[in-house]
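These notes are about the structure you will find just below.
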Amino acid sequence: MLALVIDLTGYAYVLVDALIALSALVAGFYGSRYLSNAKHAPTETPEQKRAAEQQQRQVANDHERANMAAFQIRDLAMNVASDVDEHNTLVKSISSELDAMKGKGSSDDVLSAVGRILSANETLESRLAAAEQKISMQAEELKVQQAEARTDALTGLANRRAFDDVLRNGVSSSIDSGNPLSLLIFDVDHFKKFNDTHGHQAGDAVLRALGETLPKVVKSTDTPCRYGGEEFAIILGGTKLSEANVAAERVRKAIQTIEVEHEGKTLHVTISVGVAQLERGETSINLIRRADEGVYASKEAGRNQTHYNYQGECRHVGEPIEPPKAQAQPEEAAESGQADTGNPAGLANLDDLPDRSVYSDELRRRISEGRRFGLALSVVRFKVREYAKIEAEYGSAVGKLILESVAQFIRGTLRDMDLVARFEPGEFGVMLPGSTTSDAEHVANRVSRAIANCTLPLGGKDLRLAVHWGASEFQPEDDPATMLARAENAMQESIFKEQAETLV
C-alpha cells in the first residue's frame with residue numbers, strides 16, 4: 001500500500017513539473033512571437049502601416065490569450081501540488097495511527113485504516129487523471145495556436161515568422177548535407193496602383209487567390225510563404241538553380257492566368273520573380289538579398305518576368321547558367337596585343353559608366369534594401385584635384401584621358417557588386433553595398449594612394465594626379481540626395497582642411 005502511495009505522489013510531482021514547463025512554453029512562445037512580429041512589421045506605405053497595426057492588435061490579443069492560458073496552467077499546477085500535500089498529510093496521519101495500533105489494535109481497526117488509505121489513493125488518482133486531461137487539452141490548444149501563429153490569416157500560407165524558421169533550418173541542413181537549396185521571391189506588379197484602382201478588398205481577393213494557387217503549383221516539400229504585403233517567397237529544399245528557374249516560370253505563368261471575380265469585374269495580375277541558389281559560405285540574409293536583386297532586375301526589364309542571380313550577376317531566366325567570364329590576366333593581355341596601360345584591364349571607357357541619374361535610382365533601391373534587411377551601405381564621392389585647370393591647360397582630350405585613368409583605378413579597387421558612376425566633370429560617385437563608413441574610407445584611401453603613384457608626362461613635365469574624396473554611410477531616414485550631400489560635405493571639408501594646411 002505504501003509503495004502505491006509513493007508511486008502516485010511521484011507521478012503527481014512529474015505532472016506538476018509538466019504543467020510548469022507547459023506554462024513557460026506558452027509564455028515564451030508568444031513572447032517571441034510578439035517580438036518577431038514587432039521586428040518585421042512593415043511600415044513603409046499607408047497600406048502596410050494599416051496591415052501592421054491590425055497584425056499588432058491580433059498579436060496583442062493572442063498574447064493576452066497566452067497570458068490567460070499560462071495563469072490557468074499555473075493555477076492547475078498549484079491545485080495538483082495542494083492535492084498531493086493534502087494526500088500526504090492524510091496518509092501520514094493514518095500511518096501514525098497504524099504505528100500506534102501495533103500489538104493493540106484489532107484487525108478491524110487495521111482494515112479500516114487501510115481502507116482509508118485506498119480511498120485517499122482513489123481520490124488523488126481521480127484528481128490526477130482530471131489534471132492530466134486538462135494538460136492534454138491545453139497542449140492541443142497550444143498546438144493549434146502555434147499553427148495559427150505561423151500562418152498568414154489572409155492567404156493561408158506560412159507567414160514571415162515561419163519563413164525565417166524554415167529558411168534558417170534549410171540553410172543549416174544544406175550546409176551539413178551538401179544538398180542544394182534555392183529561394184524564389186516575387187512581387188505582385190503595380191499592386192499599389194491595383195489597390196488604388198479597384199479597392200483594397202479587390203487586392204485582398206487577389207492575395208487570397210495567390211494563397212490558393214501557390215500550393216497547387218509547387219512540390220509538397222516546398223514552402224510557399226507570404227513574405228510581407230504583396231511579396232511572396234517559396235523555399236525550395238533540395239532544388240538546384242536550373243530546377244528553381246523552371247519552378248519560377250511555372251509559378252509566374254500560373255499566376256498570370258488567375259481570374260479573380262470582384263464586383264462584376266474579372267481581374268488579373270502578374271508578378272516579377274527573382275531566384276537564387278544558396279552558394280558556398282553564404283548566409284540566409286545574403287540569399288534573400290540576391291533573390292531580391294533578381295526581382296528588381298525583372299521589374300527593370302519590364303515586369304512579368306523571371307531573373308535569377310548567379311554569383312552576384314542577375315540574368316533573364318532564358319539565359320544559360322554559366323560562370324561570369326574572367327578578366328584577362330596581364331600575361332594574357334600581352335599575348336593578345338593589348339596595350340600595357342599600367343593596370344590589368346586597360347583604361348575605362350567613360351561612356352560605359354552610368355550617369356548620376358542611373359546611380360541615384362540604384363542607390364534608392366539599395367537604400368530600400370538596407371531598410372528591409374538591416375544591411376550596411378556607404379557611398380564615396382571622388383573629385384580629381386584641379387581638374388578644370390588641367391583641362392583648360394592641356395585640352396579636353398587630355399582631360400578625358402585623365403578621367404578614364406582615374407575611373408580605371410577606382411574600378412580596379414571595387415568588388416563586382418559595387419558601382420561607380422560619372423558625376424559632374426572631374427567627379428565620380430561610388431556605391432558600396434554592405435560596407436560601413438570605415439570600409440568606405442579604406443577603399444577611398446586605397447584609391448587615393450594608387451592614383452597618387454600615377455604620373456603622366458605632359459609638356460615636358462610629369463603631371464601627378466590626386467583626388468579629394470568624402471564618404472557617408474546609410475542612415476534610416478536617408479534618401480539618395482541626403483547620402484550624397486553628406487559625402488559632398490565630407491569631401492569639401494577635406495579640401496578646406498588641405499587648403500588651410502597649405503597656407504600654414
Side-chain angles (χ1 to χ4, degrees), residues 163 167 180-192 210 213-214 217-218 222-237 239-258 268-280 282-325 352 354 358-370 372-373 375 377 415-419 431 433-434:
F163 169 85
L167 184 61
L181 173 73
S182 293
L183 177 64
L184 183 161
I185 294 179
F186 68 83
D187 278 2
V188 179
D189 293 330
H190 302 296
F191 192 66
K192 183 179 185 303
L210 292 182
T213 300
L214 289 182
V217 295
V218 299
D222 298 336
T223 306
C225 313
R226 187 182 180 191
Y227 188 71
E230 71 274 19
E231 295 179 283
F232 292 78
I234 303 175
I235 301 170
L236 309 166
T239 304
K240 56 187 179 182
L241 185 57
S242 59
E243 298 167 339
N245 285 341
V246 173
E249 280 295 273
R250 184 170 62 248
V251 169
R252 185 184 65 81
K253 292 175 181 178
I255 291 175
Q256 184 177 255
T257 61
I258 291 177
H268 301 268
V269 293
T270 59
I271 60 173
S272 295
V273 191
V275 185
Q277 179 182 340
L278 185 70
E279 296 179 353
R280 185 185 300 274
E282 189 172 38
T283 65
S284 59
I285 291 178
N286 288 335
L287 177 62
I288 294 171
R289 176 179 172 182
R290 288 197 302 111
D292 203 52
E293 287 176 350
V295 174
Y296 279 98
S298 295
K299 289 181 178 181
E300 291 171 358
R303 303 180 190 266
N304 192 21
Q305 298 185 33
T306 298
H307 280 72
Y308 66 90
N309 188 311
Y310 181 62
Q311 297 185 0
E313 180 181 329
C314 291
R315 305 174 186 173
H316 188 271
V317 70
E319 298 179 37
I321 301 173
E322 56 186 16
K325 294 181 180 179
D352 291 339
V358 173
Y359 178 93
S360 295
D361 288 343
E362 180 64 13
L363 180 57
R364 182 174 293 104
R365 182 176 79 81
R366 290 290 188 177
I367 287 174
S368 176
E369 184 180 76
R372 292 171 61 192
F373 303 125
L375 301 175
L377 171 67
R415 305 162 299 178
D416 290 340
M417 71 176 67
D418 300 331
L419 177 68
M431 181 173 60

Can Val275 and Asn309 be said to form a side chain to side chain contact (heavy atoms under 4.5 Å, CB included), step by step? CA-CA 6 Å; Val275 185; Asn309 188 311; over 6 Å; no
Hey, mind stepping through Phe163 and Ile235 against side chain to side chain contact (heavy atoms under 4.5 Å, CB included) and telling me if it holds? CA-CA 8 Å; Phe163 169 85; Ile235 301 170; 3.7 Å; yes
Set out, in order, the CA-CA distance, both residues' side-chain angles and the distance that settles side chain to side chain contact (heavy atoms under 4.5 Å, CB included) for Thr223 and Ile234, then state yes or no. CA-CA 5 Å; Thr223 306; Ile234 303 175; over 6 Å; no
Test side-chain hydrogen bond (donor to acceptor under 3.5 Å, both in side chains) applied to Ser272 and Asp189, step by step: CA-CA 6 Å; Ser272 295; Asp189 293 330; 2.6 Å; yes
Carefully, step by step, assess Asp292 and Arg289 under the rule side chain to side chain contact (heavy atoms under 4.5 Å, CB included). CA-CA 5 Å; Asp292 203 52; Arg289 176 179 172 182; 5.6 Å; no
Are Thr306 and Glu249 close enough, and set up right, to give a side-chain hydrogen bond (donor to acceptor under 3.5 Å, both in side chains), and what steps lead you there? CA-CA 7 Å; Thr306 298; Glu249 280 295 273; 2.8 Å; yes
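Ring centroids of Phe232 and Tyr227 are separated by 6.0 Å or more, keeping the two rings apart.
Closest heavy-atom contact between Pro224 and Leu214: CB-CB, 4.1 Å. Summarising the geometry of Leu377 relative to Pro433, their closest heavy-atom pair is CD1-CA, 3.7 Å, with the distance given to 0.1 Å. Across Gly294 and Cys314, no two heavy atoms sit closer than the pair N-SG, 3.8 Å. Here the closest heavy-atom approach between residue Thr283 and residue Leu278 is recorded as O-CD1, 4.3 Å. Of all non-hydrogen atoms in Gln305 and Ser298, the two that sit nearest each other are O-OG, 3.2 Å. Pairing each heavy atom of Asn304 with each of Arg252, the nearest pair is OD1-NH1, 3.0 Å.
Under a cut-off of 6.0 angstrom, the local environment of NZ in Lys299 is crowded, with over 12 non-hydrogen atoms contributed by other residues, nucleotides or ligands.
Atoms OG and CD, on Ser182 and Glu243 in that order, are 8.0 Å from each other to the nearest 0.5 Å. Between the CG atom of Asn245 and the CZ atom of Arg250 there is a distance of 11.5 Å, given to the nearest 0.5 Å. The CG atom of Leu210 sits 11.0 Å away from the CD atom of Glu230 when rounded to the nearest 0.5 Å.
With a 4.5 Å cut-off on side-chain heavy atoms, Glu279 and Arg290 count as touching. Side-chain contact between Ile255 and Val269 is present, with heavy atoms from C-beta onward closer than 4.5 Å. Residues Asp418 and Met431 fail the side-chain proximity criterion, which asks for heavy atoms closer than 4.5 Å. Using a 4.5 Å cut-off on side-chain heavy atoms (C-beta onward), Pro354 and Leu419 make contact. Proximity of Tyr308 to Arg315: side-chain heavy atoms (C-beta onward) are separated by under 4.5 Å at one or more points. Contact annotation: the side chain of Ile271 never approaches that of Asp187 to less than 4.5 Å [non-hydrogen atoms, C-beta and beyond]. The side-chain heavy atoms of Leu183 and Ile185, taken from C-beta on, include a pair separated by under 4.5 Å. Contact check for Val273 versus Leu184: side-chain heavy atoms found under the 4.5 Å cut-off.
Side chain of Glu313 to backbone of Tyr310: no donor-acceptor contact under 3.5 angstrom is found. Remark: the backbone N or O of Gly229 is paired with a side-chain donor or acceptor of Arg226 at under 3.5 angstrom. In this structure, His268 contributes its side chain and Ile258 its backbone to a donor-acceptor pair below 3.5 Å.
The aromatic rings of His307 and His316 stand perpendicular to each other, their planes meeting at an angle above 60°, with 30° marking the opposite boundary.
The ring-ring contact (aromatic ring centres under 6.0 Å, His included) search around His190 returns none, not counting sequence neighbours.
In this structure, Arg366 pairs ionically with Glu293, as a charged nitrogen and a carboxylate oxygen lie closer than 4.0 Å.
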